[in-house]
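These numbers come from a predicted model, not from an experiment.
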Amino acid sequence: MATASFDFTDALGDLFMDLVSHGHNGQFFTPQPICDMMSIMTIAPDQLEDGKSVLDCACGSGRMLLAAAKRNRNLKFYGSDLDLTCVKMTLINMVLNTMVGEVAHMDALTLQHFKTYSVRKVYDPGTNHYLPYYYESNANPFIIQKIKESNVKASNEFKSDPIEELLINKKGQILLF
């Protein structure tokens, strides 16, 4: 198990890209140094408090989540992906690195949800370590709950301010001008 920040590596993602995917279905995982840079650029130091949430809506093998875990492993990590193999790679990476959170097998664009894997940890006094475990459920994941909450807030904000009707062309595209 990972005990220092340099241990968070994505060997499964590298293996998948080299031996299985070969870019099939447009699957190209972001290189780890880019993930590390994006984590530094997007997560401010004051957002690194224990228990804060990190979300990756197209998590692949979980590299972005691992990059955030390098900065603080006590955050809560949430990921989703449409590819079940990728979801399970993220799950394995989270369990191996004792990262708490959820990975949802779902379509992040339509919010069609198939299954959620929750990762938790329990303290073992005999070994003086935290031991990870996971369980499956069909309940709505954290991601969908947050989206529904934000939609309710957004719809309440716009009730007093009517929005002009959108102009849509014959192909169903929204016209901006």
Can you confirm whether more than 12 heavy atoms, excluding those of Lys121, are under 6.0 Å from its NZ atom? yes
Side chain of Asn97, backbone of Met99: donor and acceptor closer than 3.5 Å? no
Do Thr110 and Asp107 have a side chain donor and acceptor closer than 3.5 Å? yes
So, for Leu75 and Glu49, which heavy atoms are closest and what is the spacing to 0.1 Å? CD2-O, 3.3 Å
Can you tell me how far the CG atom of Leu111 sits from the SG atom of Cys57, to the nearest 0.5 Å? 10.5 Å
Closest non-hydrogen contact found for Cys86 with Phe29 is SG-CZ, 3.9 Å
For a quick test of reading the model, state the closest non-hydrogen atom pair linking Ala104 to Val87 and the distance between them. O-CG2, 3.7 Å
I'd like to check the ring-ring contact (aromatic ring centres under 6.0 Å, His included) partners of His113; sequence neighbours left out, ordered by chain and number. none
Give a yes or no on whether the backbone of Ser39 and the side-chain of Arg71 come within a donor-acceptor separation of less than 3.5 Å. yes
List the steps, then state whether side-chain contact (heavy atoms from CB on, under 4.5 Å) holds for Met64 with Met38. CA-CA 8 Å; Met64 295 286 190; Met38 290 174 64; 3.4 Å; yes
Do Phe114 and Tyr134 land in one hydrophobic cluster if side-chain heavy atoms of ILVMFWY residues count as linked below 4.5 Å? no
d(Leu82 CG, Leu109 CG) to nearest 0.5 Å is 8.5 Å
Single-linkage hydrophobic cluster Leu65~Ile43, side-chain heavy atoms < 4.5 angstrom: yes
Are Met94 and Tyr117 side-chain neighbours, meaning at least one heavy-atom pair lies under 4.5 Å? no
Working to the nearest 0.5 angstrom, can you tell me the gap between Cys59 SG and Tyr78 OH? 14.0 Å
Co-membership, hydrophobic cluster, residues Ile92 and Met89, 4.5 Å side-chain: yes
Donor-acceptor check, side chain of Arg63 to backbone of Ile34, threshold 3.5 angstrom: yes or no? no
Nearest atoms (heavy-atom pairs only) where Met106 meets Ser80: CG-CB, 3.6 Å
Could you tell me if the side chain of Lys115 sits less than 4.5 Å from the side chain of Glu136, heavy atoms only? yes
Between Thr90 and Asn93, does any side-chain donor sit less than 3.5 Å from a side-chain acceptor? no
Could you measure the distance from the OG1 atom of Thr30 to the CG atom of Asp36? Nearest 0.5 Å is fine. 11.5 Å
Is there a side-chain contact (heavy atoms from CB on, under 4.5 Å) between Asn128 and Tyr123 once you walk through the steps? CA-CA 7 Å; Asn128 198 27; Tyr123 181 72; 2.3 Å; yes
Closest non-hydrogen atom pair between Ala67 and Gln32, with its separation: CB-NE2, 4.0 Å
Roughly how far, to the nearest 0.5 Å, is CG of Leu131 from CZ of Arg120? 15.5 Å
Are the side chains of Asp81 and His105 in contact, using a 4.5 Å heavy-atom criterion? no
Polar side-chain atom of Asn72 near backbone of Leu48 as donor-acceptor pair, under 3.5 Å: yes
